[in-house]
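Below is one structure, written out as structure tokens; comments come after it.
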Amino acid sequence: MQRKTVAVLGWLFCLGLFAPAGLAQSFDIVKVADGVYAAIGHAGVFSNGAFIVNQDDVLVVDAHLRPSWAKDLIAEIRKTTNKPVRYVVNTHWHNDHVQGNQAYVSVFGASVEYIAQHTAREDMVSKAVSAVKDQLNKDVPERIARTEKMLAEGKGPDGTPLADQARASLSERVASDKSFIEELKAIQITLPTITFERSLVLHKSERTIHVLFFGKGHTRGDAVVYLPKEKVVITGDLLTNGISFMRDAYPSQWIGTLDSVRNLDWETAVTGHGGVQKGKEQIDRLLAYMKEMVAAVKESIGKGMTLEEAKKAIDLSKHQAGFPAYAANPQGFVAASGSAVERTWAELTGKIRD
Ligand SMILES: [Zn+2]
């Protein structure tokens, strides 16, 4: 890829704007074991899901940002089976994993059970509901306005003229965001009907499905779905192809949680974002990054540095090449690492309130 193209893609990624949102298909469906499928979100959809076909029913993991995308996944499930979806597991409360919940009850009726760790349910009540209003009244209209301004001026945020590819992508984004506004007006967060503390096991005739909580990490209530027979783990955002969003994270505790996920006996990981992972290389890279990052923040606090001094001094750049998410977006690694250091600092200095 040419250098200039990389730069343009870089700021489109940064703005969350690299989104061929007009694609008819929202997911790549990847069979990872008999009856077990990953739904890898396309660039505009971004967050992944999974579905597990049992003898009498289907279990879905995560429900994306838009009910229309959840319906796209239902259409994909329909190509594989006409058994009903009876369970939806939300790996955590973030809106890009729960806002599509209502699609399942609308298609399959009130018998659908929604499963989450109990603090994830609390956070859906206290945070995800208000975040829908914020998206509707502020975030998405402001993004539309910013994008329309760029299109009107014919310039990207760094002042460079828009190439045809970028212009087309931005125009698609505006159209997609406008239809998202219409969806947001009708989104009511469908809450978990079954919650658990540490583990919940579904004993189906052909497999057991473990829904497990190992401690705080990406949020305070991350669940992983583990299939011991198939050696598959579905991780939500505890593991992605990059450094997951840190705003609600507990980075120092994430290490122990991630170690527990790693120590399960699995060969395939379906993660919250990015492609299917075979083997444990990526989780090992994330663990190595997190351990070094947290240790560096601890050391900086011990030396009496300020957060700003620590952010300047901590150099994590040797880890960048280990994250596929930043291959076309090197500045994304720098931004994610800055957030990681800030959030770790807040955690270790007792500034995070549950
Ligand atoms: Zn998340």
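Note that ligands are numbered from 1 as they come in the structure, with each ligand's atoms numbered from 1 the same way. All of these numbers come straight from a predicted model, not from anything done at the bench. If you read the sequence from its start, that first residue is 1, and numbering goes on from there.
- The distance from atom CH2 of Trp345 to atom OG of Ser300, rounded to the nearest 0.5 Å, is 6.0 Å.
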Please output the side-chain donor-acceptor pairs of residues 27-37 that fall under 3.5 Å, not counting sequence neighbours, one pair per line with the distance.
unit_1	atom_1	unit_2	atom_2	d
Asp28	OD1	His42	NE2	3.1
Lys31	NZ	Asp34	OD1	3.3

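- Under the 3.5 Å distance criterion, with hydrogens and angles disregarded, no donor-acceptor pair is assigned to the side chains of Gln117 and Glu197.
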Show me the side-chain donor-acceptor pairs of residues 47-56 shorter than 3.5 Å, one per line, residues at least two apart or across chains.
unit_1	atom_1	unit_2	atom_2	d
Ser47	OG	Asp96	O	2.8
Asn48	OD1	Gly41	N	2.9
Asn48	ND2	Thr271	O	2.8
Asn48	ND2	Gly274	O	2.7
Asn54	OD1	Arg207	NH1	2.8
Asn54	ND2	Asp57	OD1	3.0
Gln55	OE1	Ser205	OG	2.6

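- For the pair Leu239/Gln277, a side-chain contact is recorded, criterion being any heavy-atom separation below 4.5 Å from C-beta on.
- Listed by chain and residue number, nothing satisfies the side chain to side chain donor-acceptor pair (under 3.5 Å) test with Lys71 (two or more places apart in sequence, or in another chain).
- Take a cut-off of 2.8 Å around the Zn ion (ligand 1): the protein N, O or S atoms inside it are His92 NE2, His94 ND1, His218 NE2, Asp237 OD2.
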